[in-house]
Engineer: 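Questions regarding the structure given below will be posed in turn.
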Amino acid sequence: MGSSILLPVLALVFLVGAIHSSPYDEFRSSIVEFYDTNLDEPKYRLKDNVKPLRQTVDLDVYLDEDRFDGETSIYILTADNDMKQIVLHQNVVSISSVSVFNVTGAPVPLQTPGAFETDPYYEILMINLANPIPVGEYTLKIVYKGRINTNPLDRGFYKGYYFTDSSNTKMEYYATTQFQPYHARKAFPCFDEPQFKSYFTISITRPEDFSQSYSNMAIEKFETIVKEDGSTRVRETFYRTPIVSAYLLAFHVSKFVETQVNVDNKPFGVISRPGPVDQHAYAIRLGQLTTNWLSTKLKFDYYAMGEGVAMKNDHIALPDFPSGAMENWGMVNYREAYLLYDEQNTNLQNQIFIATIISHEMAHKWFGNLVTCFWWSNLWLNESFASFFEYFSTHGADPSLELDDQFVVDHVHSALAADASSGATPMNWTGVVTNPSINAHFSTTSYAKGASVLRMMEHFVGSTTFYKALEYYLRENQYQLGDPKKMYAAFETAVAEDGSLSQYTNVKITDVFDSWIQNPGAPVVHVNVDHSTGVITVKQERYQLSGIRPNTLWQIPLTYTRGDDVDFSNTKPSTVLVGESTTINKPAGHEWVIFNVAQSGYYRVNYDDHSWEMIAGGLRTSREAVHKLNRAQIVNDVLYFLRSGDVSIERAFDVLAFLKEETDYYVWAGAIGQLTWLRRRTEHIPALYNEFSAYLLEQMDAVINQLGYNENPSDSTSTILNRVQILNFACTLGHEGCVTDSLAKWKAFRETPTNLVHKNLRRHVYCVGVREGDRTDYDFLWQRYNSSQNTADMVVMLRALGCTKDEATLQHYLQQSLYSSSIRIHDKTNVVSYALLGNQENVKGVLNFIYNNYESIRTQYGGSARLETVLSTLAAYLTDFSDIVAFQSWLYSNQLKLEGTEFRTGVNVINSAISNLDWASKNAIGLNAFLIGRNAAASVIAPITLLIAAVAMHLLR
Ligand SMILES: *[C@@H]1O[C@H](CO)[C@@H](O)[C@H](O)[C@H]1NC(C)=O
Ligand SMILES: *[C@@H]1O[C@H](CO)[C@@H](O)[C@H](O)[C@H]1NC(C)=O
Ligand SMILES: *[C@@H]1O[C@H](CO)[C@@H](O)[C@H](O)[C@H]1NC(C)=O
Ligand SMILES: *[C@@H]1O[C@H](CO)[C@@H](O)[C@H](O)[C@H]1NC(C)=O
Ligand SMILES: [Zn+2]
């Protein structure tokens with residue numbers, strides 16, 4: 001059989017792990033920031049013998065010359081006697097002068113020559129004192145010249161562009177900042193590590209015909225300045241900030257416009273280029289709600305954070321932004337698509353992104369800005385909270401968006417997916433990763449995983465105690481540094497006061513919490529029920545899709561319910577599983593049990609075969625008796641168990657059989673990603689592929705009928721999201737009703753373009769229109785893309801354009817990503833993903849595009865890391881052996897022209913594709929047997945056997 005022959009080849013395989021494909025991922029991963037881990041090297045770090053207390057920054061900005069003049073004063077406290085050198089960060093163009101003054105304002109003499117030196121590699125400025133100085137307070141004054149970066153990906157103070165006319169010919173520039181994690185030093189010399197927090201006062205001088213400048217704080221003073229050449233400029237000085245780390249500072253110079261509201265002395269502003277000024281209202285409404293919700297819930301008012309200075313709350317939409325959004329205090333930056341909402345064109349998914357991203361950034365005001373982590377290795381701490389509140393504070397602001405439930409299928413499922421890899425890293429981890437796909441993977445994990453662990457803790461200690469602990473943590477550490485130990489301490493206090501854990505013996509909140517932070521991966525709980533006695537044996541194991549499962553122990557709060565006494569509302573754990581296994585007693589009797597109620601815990605659950613059989617039966621006869629989030633967990637778990645071999649193919653499909661009647665969004669959301677993964681594994685065996693697709697379409701009949709092809713005014717959020725996910729999947733599978741309806745809608749739209757396709761149906765309707773159409777359909781959509789004023793809608797169009805099947809058109813599409821100024825730099829890598837997602841047949845065209853253009857991709861997409869992202873995307877799509885071989889031969893023959901870790905990324909792609917193919921070879925017979933068993937299409941078997949043999953032969957050579 002093929003599988004045993006393949007083994008020697010696969011000994012070399014390095015498993016990249018699960019490629020999860022929820023509809024949110026591309027957005028999520030584009031939000032995630034990556035950090036150079038070499039920052040942990042001591043040479044990059046400042047000593048803590050100098051502490052900045054106050055800093056003023058004064059910039060004179062020349063946008064059209066890509067430069068600025070800067071002057072900064074830093075009031076410091078020294079801690080060592082006889083200090084001879086003061087070291088801080090800088091990465092400016094040149095430093096003209098440095099002076100040091102003592103507390104009475106007298107100059108402190110510097111060494112001559114060599115008063116100061118810079119080290120461009122470590123990005124530091126060393127100030128050499130003539131004589132050792134005693135402990136005390138000093139002021140550093142530095143005059144320098146800086147650059148405005150023209151590539152937004154360079155961060156620091158950078159500039160971007162936008163068009164001021166509908167034909168996209170008149171360009172206007174703006175300049176803004178992105179300092180996280182270590183780019184403040186590009187705008188001004190400073191102590192550029194999160195642990196150094198001080199007060200800042202910023203002044204910006206700009207051309208007179210620009211709008212007012214923005215920074216973290218409101219403007220305190222305007223001045224008109226007449227330059228030597230007679231020109232006038234405007235200088236704006238902002239109020240001093242609260243105590244803050246340099247990475248949270250920001251400023252912005254442009255001709256943008258602002259919508260400002262002020263309710264009860266609580267200002268809220270949205271700022272954008274002038275075009276989409278009518279798209280500010282939603283962000284304002286949602287932002288006010290979430291600010292108030294967080295202020296109330298955390299018992300610390302956002303507007304009181306200024307330490308005596310009034311806070312403002314501005315949110316700026318940027319056409320070019322290297323990350324998704326950035327939580328600068330008082331001036332949050334966003335990618336335009338994540339802030340501007342247009343009633344007619346922004347679909348519900350994008351509306352939800354806007355809401356959740358605002359909530360995420362606002363949550364950082366408490367977790368990140370007010371209490372800052374000491375160093376980047378504790379990043380998970382503030383990110384976990386931000387990702388938690390991303391959903392729960394949005395839920396508080398607008399429950400109709402159902403974000404409490406969506407949390408589970410988005411964050412919990414995607415974190416569990418990432419943790420299924422044998423290479424998963426703990427949240428508390430600072431190691432070096434070189435492969436950006438893996439990096440991306442794990443960065444996403446620590447956000448979603450941390451948030452999932454927090455949700456588990458809330459259910460464990462109870463909501464009241466949970467929020468009490470957060471309040472203590474914030475109060476105790478406000479304007480200072482936080483760390484996990486301080487957070488555990490706050491939980492210990494709150495738990496002790498409330499007696500929240502008194503029902504458990506020998507359980508400490510710190511130990512429970514810490515086991516989830518320190519351990520890599522996530523557990524599966526194996527449940528074995530003896531129905532005659534009622535004794536349930538539970539046993540934990542680290543879950544992995546493949547590879548040897550290491551011994552790891554978590555402290556797992558367990559919840560369960562059972563068929564004879566159903567209760568899916570109680571999520572207070574009955575036991576904490578501390579050791580490897582334990583037993584739980586239920587009444588004797590033949591009934592199903594389901595663990596992890598409402599998936600409130602961060603773990604998968606596997607059952608003995610008979611228990612699975614009873615769950616499957618229960619779901620078929622009365623699935624609605626089981627909580628929708630447990631149905632979602634069950635389908636997601638069982639599909640993973642099918643992949644990892646923990647559950648047989650027959651049993652897995654037996655459990656999945658209830659999907660035939662299932663119409664719930666959450667349950668399908670738990671299934672579609674993995675069903676797509678399985679379907680790809682059959683792609684190279686056409687008979688099996690067709691049969692599997694047919695099976696999927698049968699399963700979807702009920703849900704498609706229930707949803708229909710049009711939106712109803714009374715549809716709930718999850719119904720609308722369900723229609724989006726189901727019709728996309730159905731149309732991709734070639735569902736006749738879906739394709740026919742989409743084509744009719746597309747035709748009507750092409751004939752009367754003012755007759756818009758409903759915003760929530762565009763994704764699949766546009767895709768089908770382009771896929772089934774010709775060049776004129778594609779050109780039609782390009783034109784609309786080119787003249788749209790709503791960025792979120794543009795992304796929908798850009799995605800649909802990738803659905804073209806025509807080779808020449810596909811190449812046009814891919815070429816646009818290299819050279820068209822209509823495709824923003826942050827969307828460029830997506831173009832490749834969209835082409836791959838659009839049609840299975842596009843793989844060869846994409847490969848050719850990469851072979852012919854990899855050097856341009858590297859330069860035009862923004863560097864080697866971007867090329868690696870493009871290469872990594874291929875892993876899931878190289879399902880055909882000949883494509884793998886072709887890619888491998890290209891990779892090896894161009895090895896010398898590849899830079900950095902590009903080659904290694906390519907090798908990982910091949911290994912991951914081969915391991916997928918191996919999985920397919922091992923399981924094709926079983927899948928086929930199941931598919932045959934379900935109807936009598938026995939003819940499928942012969943060609944499959946032949947093909948598997950053929951694949952194995954290839955691999956042997
Ligand atoms: C500041 O420097 C001046 C001039 O060297 C000196 O006279 C004075 O004592 C210094 N003050 C302090 C507080 O060090
Ligand atoms: C889109 O607009 C840009 C800028 O005007 C133009 O150069 C480009 O040709 C347009 N693209 C298409 C395909 O219409
Ligand atoms: C989380 O904390 C780190 C360290 O303090 C900080 O630098 C980082 O910006 C925070 N994360 C975000 C994205 O806010
Ligand atoms: C995290 O890891 C570091 C170093 O590996 C360790 O010192 C620390 O105690 C760990 N735990 C937490 C909860 O941060
Ligand atoms: Zn964040």
Engineer: For W293 and G396, work out which heavy atoms get closest and say how close.
Structural biologist: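 Smallest heavy-atom distance, with atoms named: NE1-CA, 3.3 Å.
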Engineer: Can you run down the ring pair (Phe, Tyr, Trp, His ring centres under 6.0 Å) pairs that involve residues 451-470, sequence neighbours left out, and say none if there aren't any?
Structural biologist: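 Every pair satisfying ring pair (Phe, Tyr, Trp, His ring centres under 6.0 Å) with a residue in residues 451-470: F388-F466, F460-Y504, F466-F491.
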Engineer: Quick one about H364 and E383 (side-chain donor to acceptor, distance below 3.5 Å, no hydrogens or angles considered), yes or no?
Structural biologist: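 Yes, because at least one side-chain N or O of E383 sits under 3.5 Å from a partner of the opposite role on H364.
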Engineer: What pairs with T72 under side-chain contact (heavy atoms from CB on, under 4.5 Å), at least two apart in sequence or on another chain?
Structural biologist: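 side-chain contact (heavy atoms from CB on, under 4.5 Å) check on T72 returns Q55, V57, I74, I142, Y144, P189.
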Engineer: About how many Å separate CZ of F513 and CD of Q518, when rounded to the nearest 0.5 Å?
Structural biologist: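 Spacing of CD (Q518) from CZ (F513) equals 12.0 Å.
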Engineer: At their closest point, which heavy atom of E336 faces which heavy atom of A317, and how far apart are they?
Structural biologist: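 Nearest heavy atoms, E336 then A317: CG-CB, 3.8 Å.
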Engineer: Please identify each residue that fulfils side-chain hydrogen bond (donor to acceptor under 3.5 Å, both in side chains) with S600, with sequence neighbours left out.
Structural biologist: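 If we apply the side-chain hydrogen bond (donor to acceptor under 3.5 Å, both in side chains) test to S600, skipping adjacent residues, there are no hits.
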Engineer: Would you please name every residue forming a side-chain contact (heavy atoms from CB on, under 4.5 Å) with E220, sequence neighbours left out?
Structural biologist: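 Applying side-chain contact (heavy atoms from CB on, under 4.5 Å) to E220 gives Y239.
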Engineer: How would you list, by chain and number, every residue that makes a salt bridge (charged side-chain N to carboxylate O under 4.0 Å, His left out) with K312, sequence neighbours excluded?
Structural biologist: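 Expected list: D314.
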Engineer: Could you check whether H280 and S272, counting side-chain N and O atoms only, form a donor-acceptor pair closer than 3.5 Å?
Structural biologist: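 Per modelled atom types, S272 and H280 side chains form a pair under 3.5 Å.
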Engineer: Determine which pairs satisfy salt bridge (charged side-chain N to carboxylate O under 4.0 Å, His left out) with at least one residue from residues 470-479, sequence neighbours left out, and list them in order.
Structural biologist: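 Checked against salt bridge (charged side-chain N to carboxylate O under 4.0 Å, His left out) - neighbours excluded - the pairs reaching residues 470-479 are K299-E471.
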Engineer: Does the side chain of E492 pick up a donor-acceptor pair with the side chain of T510 at under 3.5 Å?
Structural biologist: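 Side chains of E492 and T510: pair found under 3.5 Å.
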Engineer: Measure the CZ-OG distance between F385 and S387 for me, rounded to the nearest 0.5 Å.
Structural biologist: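 Taking CZ in F385 and OG in S387, the distance rounds to 11.0 Å.
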Engineer: Looking only at side-chain N and O atoms, does S452 offer a donor or acceptor that is under 3.5 Å from a partner on H411?
Structural biologist: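 Short answer, no.
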Engineer: What pairs with N292 under side-chain hydrogen bond (donor to acceptor under 3.5 Å, both in side chains), at least two apart in sequence or on another chain?
Structural biologist: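 Result, side-chain hydrogen bond (donor to acceptor under 3.5 Å, both in side chains) vs N292: none returned.
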Engineer: Among F200, F196, Y182, Y247, which one satisfies ring pair (Phe, Tyr, Trp, His ring centres under 6.0 Å) with F191?
Structural biologist: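 Among the candidates, only F196 passes.
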Engineer: Does K51, at its NZ atom, have more than 12 non-hydrogen atoms belonging to other residues, nucleotides or ligands within less than 6.0 Å?
Structural biologist: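 Not more than 12 within 6.0 Å, no.
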Engineer: Applying ring pair (Phe, Tyr, Trp, His ring centres under 6.0 Å), can you list everything that pairs with H315, at least two apart in sequence or on another chain?
Structural biologist: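 Ring pair (Phe, Tyr, Trp, His ring centres under 6.0 Å) list for H315, sorted by chain: F268, Y334.
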Engineer: Any chance you could measure E236, atom CD, to S213, atom OG, to the nearest 0.5 Å?
Structural biologist: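 Atom-to-atom, E236:CD and S213:OG are 4.5 Å apart.
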Engineer: Without swapping roles, check the side chain of K365 against the backbone of T291 for a donor-acceptor pair under 3.5 Å.
Structural biologist: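 Not at all, since once roles are kept as given, no pair shorter than 3.5 Å links the two residues.
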Engineer: Under 3.5 Å, is there a donor-acceptor pair linking the side chains of S500 and D498?
Structural biologist: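 No.
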Engineer: What distance do S716 atom OG and L401 atom CG have between them, rounded to the nearest 0.5 Å?
Structural biologist: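 With rounding to 0.5 Å, OG (S716) is 11.0 Å from CG (L401).
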Engineer: With sequence neighbours excluded, what pairs up with D301 under the salt bridge (charged side-chain N to carboxylate O under 4.0 Å, His left out) test?
Structural biologist: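 Partners of D301 by the salt bridge (charged side-chain N to carboxylate O under 4.0 Å, His left out) criterion come out as none, since no residue qualifies.
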Engineer: With sequence neighbours left out, what residues match P242 under side-chain contact (heavy atoms from CB on, under 4.5 Å)?
Structural biologist: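 Residues passing side-chain contact (heavy atoms from CB on, under 4.5 Å) with P242: M217, E307, M311, W329, Y479.
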Engineer: Can you tell me if T290 and S359 form a side-chain donor-acceptor pair at under 3.5 Å?
Structural biologist: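 T290 vs S359: donor-acceptor pair found between side chains.
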Engineer: Nearest 0.5 Å, please: how far is CE in M427 from CG in N519?
Structural biologist: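 It comes to 11.0 Å.
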Engineer: Checking H413 against Q599: is there a side-chain donor and acceptor pair closer than 3.5 Å?
Structural biologist: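 A pair is found: one side chain offers a donor N or O, the other an acceptor, under 3.5 Å apart.
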Engineer: Looking only at side-chain N and O atoms, does Y303 offer a donor or acceptor that is under 3.5 Å from a partner on N313?
Structural biologist: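 Y303 and N313 do have a side-chain donor-acceptor pair below 3.5 Å.
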Engineer: Name the residue from V309, L249, N328 that meets the side chain to side chain contact (heavy atoms under 4.5 Å, CB included) definition with T241.
Structural biologist: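 Going through the options one by one, the only one that passes is L249.
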Engineer: Distance to the ring centre below 6.0 angstrom and angle to the axis at most 45 degrees; does that hold for R335 and F321?
Structural biologist: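 Ring-cation test returns no.
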Engineer: Sequence neighbours excluded, which residues qualify as side-chain hydrogen bond (donor to acceptor under 3.5 Å, both in side chains) partners of T177?
Structural biologist: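 Scan of T177 (side-chain hydrogen bond (donor to acceptor under 3.5 Å, both in side chains), adjacent residues dropped) gives none.
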Engineer: Measuring from Q288:CD to N262:CG, what's the distance to the nearest 0.5 Å?
Structural biologist: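 Rounded to the nearest 0.5 Å, the CD-CG separation comes to 9.0 Å.
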Engineer: Could I get the full list of side-chain hydrogen bond (donor to acceptor under 3.5 Å, both in side chains) partners for E402, not counting sequence neighbours?
Structural biologist: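 E402 satisfies side-chain hydrogen bond (donor to acceptor under 3.5 Å, both in side chains) with Y666, S718 once adjacent residues are dropped.
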Engineer: Identify the two heavy atoms, one from N596 and one from N630, that lie closest to each other, and give their separation to 0.1 Å.
Structural biologist: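 Looking at all heavy atoms of both residues, the shortest contact is O-ND2, 2.8 Å.
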